Number of protein chains: 2
Amino acid sequence: MQLTQFTDLSLRLLIYLARLPEPGLATIAEIADYHQISRNHLVKVANSLANEGFIMTTRGKGGGIQLARPAYAIGLGEVVRRTEQNMNLVECFDIPNNHCRLIRNCFLKATLYEAQRAFMSVLDKYTLADAASVGGNNGIFDKHAEIPIDSNKLLVVE
Amino acid sequence: MQLTQFTDLSLRLLIYLARLPEPGLATIAEIADYHQISRNHLVKVANSLANEGFIMTTRGKGGGIQLARPAYAIGLGEVVRRTEQNMNLVECFDIPNNHCRLIRNCFLKATLYEAQRAFMSVLDKYTLADAASVGGNNGIFDKHAEIPIDSNKLLVVE
DNA sequence: AATAAGATGCATTTAAGATGAATCTTTTAA
DNA sequence: TTAAAAGATTCATCTTAAATGCATCTTATT
């Protein structure tokens, strides 16, 4: 049960942009450097985000990428749904290619659907503004924090 | 966002066993034939389920596999948790191998945890007895049924 | 022009997962 | 006590999605 790195990077890129001061413009190279990942890969991530309408791109000198909408108007569920290629939890979710003989009366399938909807519902509660926020989420985060939160390191852009 | 086929087959195998009449014994070969899948693969699935305590195996002539506990005592969440190898939704869930610089203050990570917990909570509501049940789940299933339910085909074991 | 940026297409690599084959062990029954 | 039926184990191979890299193209600015 994993999301692709592609989706992970999509979210990280959006968070990076959302945390920038006005006008929120950055180059792909800058973000790739920040996260120490392949520029090639991130170019494709940026492309996909642009095609899905999450970011705008500006070519040429002085260009770069920026959010196409305010961060509070970008739902996390929306990003995942449009970025993650394969949302077929199990074979039978992909009806044309299903081979499972249980298909006609499978309580399990219904249950897995329900679980997936519950998953997405949580993401749908939050926006990129939440994901990019730096304060106010300690209560939530603390439950899972493996490293004590250091308020001096709360900004992505250093 | 997918579960492995390994997990899918684990669940299918358990459902098969749960639907058998007493004493609920079947051979791996029989189940592999039923689902038209590799016996080798299913052997490994059965092995894993035996190691996790979900089924008992009996070697030798007349042997086979059967549930180690009653179906109502086998939680679906438990099965998925013990069967799915990698539950690290994104890189940063795997703390030793994480490289994401956002780790210290990532609202996103907390959100993804919350989403994953919501997913598992749904599975934890149900047991193998539910998954194997043949009647009474139409209301739930109907919402997602792409094929009209045919009550003559409701039994796995034909 | 020259340079800086993103866009695109193709090729390659990688790793997880799936599959296959061979052999071993246990148990039953003839 | 041997043969056959069943699961257990190990190793090797295949497959495929995802990731990565490279080359080239397009657009925009100076």
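The structure displayed is predicted, hence computed values, not measured ones. Each chain gets a letter, A, B and so on, in the order its sequence line appears, and its residues count up from 1. Basis for what follows: all heavy atoms, side chains included, without hydrogens, waters or symmetry-related copies.
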Ignoring hydrogens and angles, state whether a donor on the side chain of H99(A) or Q36(B) is under 3.5 Å from an acceptor on the partner side chain.
no
Could you state the [atom1]-[atom2] distance from [X] to [N], rounded to the nearest angstrom?
X      : N       : atom1 : atom2 : value
R39(B) : dA6(D)  : CZ    : P     : 10 Å
N40(A) : dA5(C)  : CG    : P     : 16 Å
Q36(B) : dT19(C) : CD    : P     : 13 Å
H35(A) : dT20(D) : NE2   : P     : 14 Å
I65(B) : dA8(D)  : CD1   : C1'   : 13 Å
M87(B) : dA16(C) : CE    : C1'   : 17 Å
I28(B) : dT9(D)  : CD1   : P     : 11 Å
N51(B) : dG7(D)  : CG    : P     : 15 Å

On DNA chain D, check which nucleotide each of G60(A) and T4(A) is closest to and give me the residue with the more 5' one.
T4(A)
Please check the phosphate of [N] (OP1 and OP2 only) for any side-chain N or O of [X] closer than 4.0 Å.
X      : N       : result
T57(B) : dA8(D)  : yes
S38(A) : dG21(D) : yes
Q5(A)  : dT20(D) : yes
N47(B) : dT9(D)  : yes

Grab the two heavy atoms, one from A131(B) and one from R19(B), that are nearest each other, plus how far apart they are.
O-NH2, 3.9 Å
If you measure from the Lys or Arg side-chain nitrogens to the Asp or Glu carboxylate oxygens, is any gap between K109(A) and D8(B) under 4.0 Å?
no
Run through L9(B), V45(B), L17(B) and flag the one making a side chain to side chain contact (heavy atoms under 4.5 Å, CB included) with I31(B).
L17(B)
Ring of Y34(A), cation from R101(B) - is the NZ or CZ under 6.0 Å from the centre and inside 45° of the axis?
yes
Go through dA8(D), dA18(D), dA5(C) for me and flag the one nearest to the Q2(B) side chain.
dA18(D)
Output the single nucleotide from dA29(C), dT9(D), dA5(C) whose closest atom is nearest the side chain of K61(B).
dA29(C)
Could you check M1(A) against R59(A) and say which one's nearest nucleotide on DNA chain C is further toward the 5' end?
R59(A)
Answer yes or no: side-chain N or O of K44(A) and base N or O of dG21(D) forming a donor-acceptor pair under 3.5 Å.
yes
